[in-house]
Amino acid sequence: MACAAGDVVAALREAAEVIAEHRVELTDLDRPIGDGDHGENMNRGFAAVLSTLEEVPDTPGAVLKNAATTLISKVGGAAGPLYGTAFLRAATAVSGKSELDAEAVVAALRAGLEGVVARGKAEPGDATMVDALSPAVEAAEAAKGDGVAALLGAAADAADKGAESTVPLVARKGRASYLGERSAGHLDPGARSTALLLRAFATAAGRA
Amino acid sequence: MRVGLVVVSHSTKLAEGVVELAAQMAPDVTVLAAGGLPDGEIGTDYEGVLAAVQQADTGAGAVLLYDLGSAQMTAEMAVESLPDPGGAVVVDAPLVEGTVAAAVAAQGGADRAGVAEAATAAGAAPEVSEPAAAAEGARTAELTLRNEVGLHARPAALLVRSIAGLDADVRIRLGDDEADGNSVLALMSLGARKGDRIEVRAAGAQAEEALRRIEALVERDFDE
């Protein structure tokens, strides 16, 4: 299968629902090591994205770009510029296409990762969303022969593992980095929300 | 036309406070606060920052300073989305000292690069140093400070502004310490108080004019 604009919309709806469900969990993860607003910020952003999906742009790239600008203006915390940049770069990577095949979805994911790295200047091992997104892109690349739903499933699995890998790490970027050694022993909230989003995309793709 | 400044902070109050402080020393510079979310909550507001940058740039460009990590990201995004991203620059500088130094540089007519450099340099320890050997043909004057607060923030800013743009290398000396006459922070670090005698040394084509202006300023008690 390939993703049309409507499928990307369905994926964003699923993402908004999952984020709303995990709002408290994300904030609880953020509280001991950050400013305790990640769940609220993400929920505000994705609720705003949801409200813009009534009128659906006609290409996947346009849908992603619309989500990007909404996240940038509505999220408020670091996640706004980071996810906003990720969606914006993904949109640019697939701009003009009416449908996304497996190759294009991987290209969008990779562009998103590059955007996050460019914006936040984090590297793998810094205990950030890069630790979930980076292995997810590799897994998606490896699974792209099996179709969009399968590659997104593989990406979500890898992101879950990647997010778990942040637990022992000492944060080197973001608010948690101010805690130094004390930031170790916590699941990074940004890595967790990245894994949740990829799982939501995989779920939506599996239903299509 | 002067370079404008935007203070990007997570907190409305913090941004406004920094602006208040900087504006006192640079009355003709547009220094705008972009702090907090629209509802007053803690956070950074991309659209608010973007609007502030566009307002602060009156033709000579704008310089953005920020408090914490995500404020930097928001500021960078706002600059990238300008019709002309080259019109503004985000600088890595201490928020308070950097904004004050940038505001004074902008007041003195520095261009965007000069204002950005003044902000960045504020992060280094103020350049109070051992006196250097007098330059060839340097002129000196000894002046006694009669104003109440000595070379405190406002008078130091006035001194820097009085000689901005002159072709003169000005050093101010108090006892064994010497400061660059172009650096508000260095001048403040001298700790010169009422009654102290400072030595002003100027070299360069307009050294005479620089000395004359500083003498006049001291005689006027920095307009206190």
Q) Can you say whether B/Glu41 sits under 4.5 Å from chain A via the side chain, the backbone, both, or neither, judging by heavy atoms? A) neither
Q. Taking non-hydrogen atoms and a cut-off under 4.5 angstrom, which of residues 149-159 of chain B neighbour chain A?
A. none
Q. What's the spacing between B/Leu190 CG and B/Asp196 CG if we round to 0.5 Å?
A. 9.5 Å
Q.
Apply side chain to side chain donor-acceptor pair (under 3.5 Å) to residues B/Glu224 and B/Asn147 and explain how you reach the verdict.
A. CA-CA 7 Å; B/Glu224 265 174 21; B/Asn147 63 316; 2.9 Å; yes
Q. Taking all non-hydrogen atoms of both residues, which atom of A/Gly45 and which atom of A/Thr70 are closest, and how far apart?
A. O-CG2, 4.3 Å
Q: Sort B/Glu47 into side chain, backbone, both or neither according to what part of it lies under 4.5 angstrom from a heavy atom of chain A.
A: side chain
Q.
Once you measure the plane-to-plane angle for A/Tyr83 and A/His38, does it fall in the parallel (<30°), tilted (30-60°) or perpendicular (>60°) bin?
A. parallel
Q) In terms of heavy-atom proximity below 4.5 Å to chain B, should A/Lys173 be classed as side chain, backbone, both, or neither? A) neither
Q: Flag the pair B/Glu199 and B/Arg201 as a salt bridge only when some basic side-chain nitrogen lies within less than 4.0 angstrom of an acidic carboxylate oxygen.
A: yes
Q) Under a 4.0 Å N-O cut-off, is there an ion pair linking A/Glu123 with A/Arg172? A) no
Q: Look at A/Lys121 together with B/Glu76 and state whether they make a salt bridge at an N to O cut-off of under 4.0 Å.
A: yes
